There are 2 protein chains.
Amino acid sequence: MKISTKGRYGLTIMIELAKKHGEGPTSLKTIAQANDLSEHYLEQLIAPLRNAGFVKSIRGAYGGYVLAKGPTEISAGDIIRVLEGPISPVEGIEDEEPAKRALWMRIRDAVKGVLDNTTLEELANHTDDGESDSYMFYI
Amino acid sequence: MKISTKGRYGLTIMIELAKKHGEGPTSLKTIAQANDLSEHYLEQLIAPLRNAGFVKSIRGAYGGYVLAKGPTEISAGDIIRVLEGPISPVEGIEDEEPAKRALWMRIRDAVKGVLDNTTLEELANHTDDGESDSYMFYI
DNA sequence: TCAAATGTCTATCAAATAAGTCAGGATTTT
DNA sequence: AAAATCCTGACTTATTTGATAGACATTTGA
């Protein structure tokens, strides 16, 4: 029941690009160093994002990547779907017995609601607005 | 972003037991055959459910398992937590940057809301109440 | 009392997935 | 030409998942 590093690092890349939106390209090297991640691994993740039309690449020295759309036009769900596949808690919901199928569909819709209503703009401009450190993380 | 067969099959076991609640023990063999699953694999799944106090075992011939509490007192979340670990879309939410941490927490709470508010009783007594087959499964 | 049915426990294993690495080529700018 | 960067595919490693096997303990009922 986890989102893998693909989706997580992909979101990291996209948030970094959103922060620099309108300021020219950012290289993967910069992003990898800033977040202590493998540049080569990020290359694998950004390829599908480019193919899906969320980023544009600019080759050559001082090149890098830029968002292909505005940060308000890209949702967290867009990114997760590209890198992790369809948002669904199980493969083959159709085959399940009705009671379980209804449960999976409710979970899927709940997660979808959150992901599709969170834009890159929100994620890039988020200022810590009072979730206390004492908040319980695991429940 | 998937719930594995551990959680799914565990839920299957518990729904079967809930259907037979008050009617004496049900053997894993019965459940395995009815759902076309490996009995040995189900043994591995029911061990943690027994340790967590959700089922009781009755040994010997004509033995099996029974719910240790009423079907209204056990939620889908109880079962998923025992078999899959804490409900959270990422490991180590604490370490994430605030924007992403907030996103993961919103997802976690959404999923938690569904799972903790669905009881075994609902799952066992579910009658197909009009989710049409044309419902889009992947969105 | 004994055989059959069932649960309990431990160990092992194969397949799939996730995560990351490596090597080298192509393109553009300076 | 040299440097920076993107691009591509193959490869490796670790972990998780799903499954199998077998020895053993307990209970029922003939």
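Both backbone and side-chain heavy atoms feed into the values below; hydrogens, waters and symmetry mates do not. In what follows, chains carry the letters A, B, and so on, assigned in the order in which the sequence lines appear, proteins first and then strands, with residues in each chain numbered from 1. Since the model is a prediction, treat every value here as computed from it, not as a measurement.
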Checking [X] side chain against [Y] main chain: does a donor-acceptor pair fall under 3.5 Å?
| X | Y | value |
| --- | --- | --- |
| B:Glu122 | B:Thr119 | yes |
| A:Lys2 | B:Ser88 | yes |
| A:Arg8 | A:Ile3 | yes |
| A:Asn117 | A:Val114 | no |
| A:Asp109 | A:Arg106 | no |
| A:Glu84 | A:Ser4 | yes |
| A:Arg81 | A:Ile87 | no |
| A:Gln44 | A:Tyr41 | no |

Measure the distance from [atom1] on [X] to [atom2] on [N] and round it to the nearest whole Å.
| X | N | atom1 | atom2 | answer |
| --- | --- | --- | --- | --- |
| B:Glu84 | D:dT16 | CD | P | 12 Å |
| A:Leu49 | D:dC7 | CG | P | 12 Å |
| B:Leu42 | D:dT20 | CG | C1' | 13 Å |
| A:Lys2 | C:dT17 | NZ | C1' | 16 Å |
| A:Ile46 | D:dT8 | CD1 | C1' | 15 Å |

Taking only residues two or more places apart in sequence or in another chain, which ones pass side chain to side chain contact (heavy atoms under 4.5 Å, CB included) with A:Thr72? A:Glu121
Which side chain to side chain donor-acceptor pair (under 3.5 Å) pairs, counting each pair once, include a residue from residues 9-25 of chain A, with sequence neighbours left out? A:Thr12-B:Lys100, A:Glu16-A:Asn35, A:Lys19-B:Glu97
Presence of A:Arg50 side-chain N/O under 4.0 Å of D:dC7 phosphate oxygens OP1/OP2: yes
Where along residues 16-32 of chain A does a heavy atom come under 4.0 Å from DNA chain C, residue by residue in number order? none
Quick one, which residues of residues 53-68 of chain A touch DNA chain D with a heavy atom under 4.0 Å?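 Close to the strand are A:Ser57, A:Ile58, A:Arg59, A:Gly60, A:Ala61, A:Tyr62, A:Gly63, A:Gly64, A:Tyr65.
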Regarding D:dC7, can its base be found pairing with the side chain of A:Glu43 as donor and acceptor, where the two atoms are less than 3.5 Å apart? yes
Co-members of B:Tyr62 in a cluster of I, L, V, M, F, W and Y side chains, linked at under 4.5 Å: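 Answer for B:Tyr62: none, a lone residue.
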Every protein N/O lying under 3.5 Å from an N/O of nucleotides 19-21 of chain C:
unit_1: C:dA19; atom_1: OP2; unit_2: A:Ser4; atom_2: OG; d: 3.1
unit_1: C:dA19; atom_1: OP2; unit_2: A:Thr5; atom_2: N; d: 3.1
unit_1: C:dA19; atom_1: OP2; unit_2: A:Thr5; atom_2: OG1; d: 3.2
unit_1: C:dA19; atom_1: O5'; unit_2: A:Thr5; atom_2: OG1; d: 3.3
unit_1: C:dT21; atom_1: OP2; unit_2: A:Ser38; atom_2: OG; d: 3.3
unit_1: C:dT21; atom_1: O4; unit_2: A:Gln44; atom_2: NE2; d: 2.2

